[in-house]
Enquirer: 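The structure follows.
These figures come from a predicted structure and were not determined experimentally.
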Amino acid sequence: MHDDYTGPRPTAARIVSGRSLLPSSTSSSNDNTTAVSTPLQWLLLTSPRQFGDIVALNNTLTEGPHGDSTRVGTAQGFAVRVSEGGIVSHLTMHLVLDVGEHRGSSFTVSGRIDMDAKVRESVVIGGTGRFRFARGYMLTRNYDYDLARGGTCDSK
């Protein structure tokens, strides 16, 4: 799955921006400004991901992790950043296949995605076409990923 937040044709977009995780030391009931006194605070305030972010996905599925791999479908869904610490999201995604005997069939996965974990497990909750009544699990890992620009995840 190729997840791209930048470039001329992004396949993932932050739809709702969450909130900063830093307490405001200068905020009052009439002032929504936040003091930035350390480089860490600046980094957290300008982070590409924040608690409560909602991201829409329309990513390319390919046979392999390389950019020149053959396209086999699309991964469409959304993710919500659910943790105030670390990069943890709840992901719900439909994987729609475009080629071969499974063309037009899809399956849906849902799960907790911890970007710090080497391998993540999501549950297959159903499917359509050849995947009707599908059950099981999907394992994903980062192949080449950067939080600011996106990247590639490998699934099994």
Side-chain angles (χ1 to χ4, degrees), residues 1-23 40-156:
M1 176 175 75
H2 298 268
D3 194 30
D4 188 6
Y5 285 89
T6 61
R9 298 185 61 162
T11 63
R14 184 169 22 184
I15 304 303
V16 174
S17 291
R19 66 172 172 81
S20 170
L21 302 179
L22 297 175
L40 177 59
Q41 287 178 329
W42 176 253
L43 176 66
L44 290 173
L45 285 171
T46 59
S47 169
R49 305 289 185 279
Q50 297 183 64
F51 175 69
D53 282 356
I54 299 175
V55 175
L57 307 167
N58 188 36
N59 298 330
T60 302
L61 289 176
T62 59
E63 283 184 357
H66 301 290
D68 60 352
S69 291
T70 303
R71 178 187 169 91
V72 296
T74 306
Q76 299 170 320
F78 64 92
V80 179
R81 175 115 181 247
V82 295
S83 177
E84 291 186 6
I87 309 299
V88 180
S89 297
H90 169 79
L91 172 70
T92 298
M93 186 167 52
H94 303 274
L95 292 94
V96 182
L97 299 177
D98 294 340
V99 298
E101 66 180 297
H102 301 296
R103 180 184 177 98
S105 298
S106 69
F107 61 96
T108 302
V109 297
S110 185
R112 180 181 185 269
I113 304 299
D114 182 347
M115 293 301 285
D116 290 331
K118 289 195 183 285
V119 177
R120 299 172 296 271
E121 184 172 325
S122 299
V123 64
V124 174
I125 57 176
T128 66
R130 292 200 170 240
F131 299 119
R132 190 173 292 135
F133 302 116
R135 296 286 183 263
Y137 64 96
M138 179 178 79
L139 300 176
T140 58
R141 63 184 168 92
N142 292 342
Y143 180 77
D144 174 25
Y145 202 87
D146 175 279
L147 284 175
R149 65 174 174 74
T152 305
C153 292
D154 189 19
S155 302
K156 299 208 184 265

Enquirer: Determine the minimum heavy-atom distance between Glu63 and Ser69, stating which atoms define it.
Expert: N-CB, 4.2 Å
Enquirer: For Leu61 versus Val96, what's the shortest heavy-atom pair and its separation?
Expert: CD1-O, 4.3 Å
Enquirer: Hey, are the side chains of Val124 and Arg135 touching, using non-hydrogen atoms and a 4.5 Å cut-off?
Expert: no
Enquirer: How are the rings of His102 and Phe131 set relative to one another: parallel (under 30°), tilted (30 to 60°) or perpendicular (over 60°)?
Expert: parallel
Enquirer: Quick one: CZ on Arg81 to CD1 on Ile113, what's the gap to the nearest 0.5 Å?
Expert: 13.5 Å
Enquirer: Looking at every non-hydrogen atom in both residues, tell me the closest pair between Thr128 and Gly104 and how far apart they are.
Expert: OG1-O, 4.2 Å
Enquirer: Which heavy atom in Ser110 sits nearest to a heavy atom in His90, and how many Å separate them?
Expert: OG-CE1, 3.1 Å
Enquirer: Which pairs count as salt bridge (Lys or Arg N to Asp or Glu O under 4.0 Å) when at least one residue sits in residues 87-102, sequence neighbours excluded?
Expert: Arg71-Asp98, Glu101-Arg130
Enquirer: Show the nearest heavy-atom pair for residues Arg120 and Asp114, with the distance to one decimal.
Expert: CD-O, 3.1 Å
Enquirer: Is there a side chain to side chain contact (heavy atoms under 4.5 Å, CB included) between Val99 and Thr70? Walk through the geometry before answering.
Expert: CA-CA 10 Å; Val99 298; Thr70 303; over 6 Å; no
Enquirer: Mind listing the closest non-hydrogen atom pair of Val109 and Ser122 along with its distance?
Expert: CB-CB, 4.3 Å
Enquirer: Can you tell me how far the CG atom of Asn58 sits from the CE atom of Met93, to the nearest 0.5 Å?
Expert: 11.5 Å
Enquirer: I need the Ile15 CD1 to Ile54 CD1 distance, nearest 0.5 Å.
Expert: 9.0 Å
Enquirer: Rounded at 0.5 Å granularity, tell me how far CG in Leu97 sits from OG in Ser106.
Expert: 8.0 Å
Enquirer: Are the side chains of Leu57 and Leu91 in touch, meaning some heavy atoms are under 4.5 Å apart?
Expert: yes
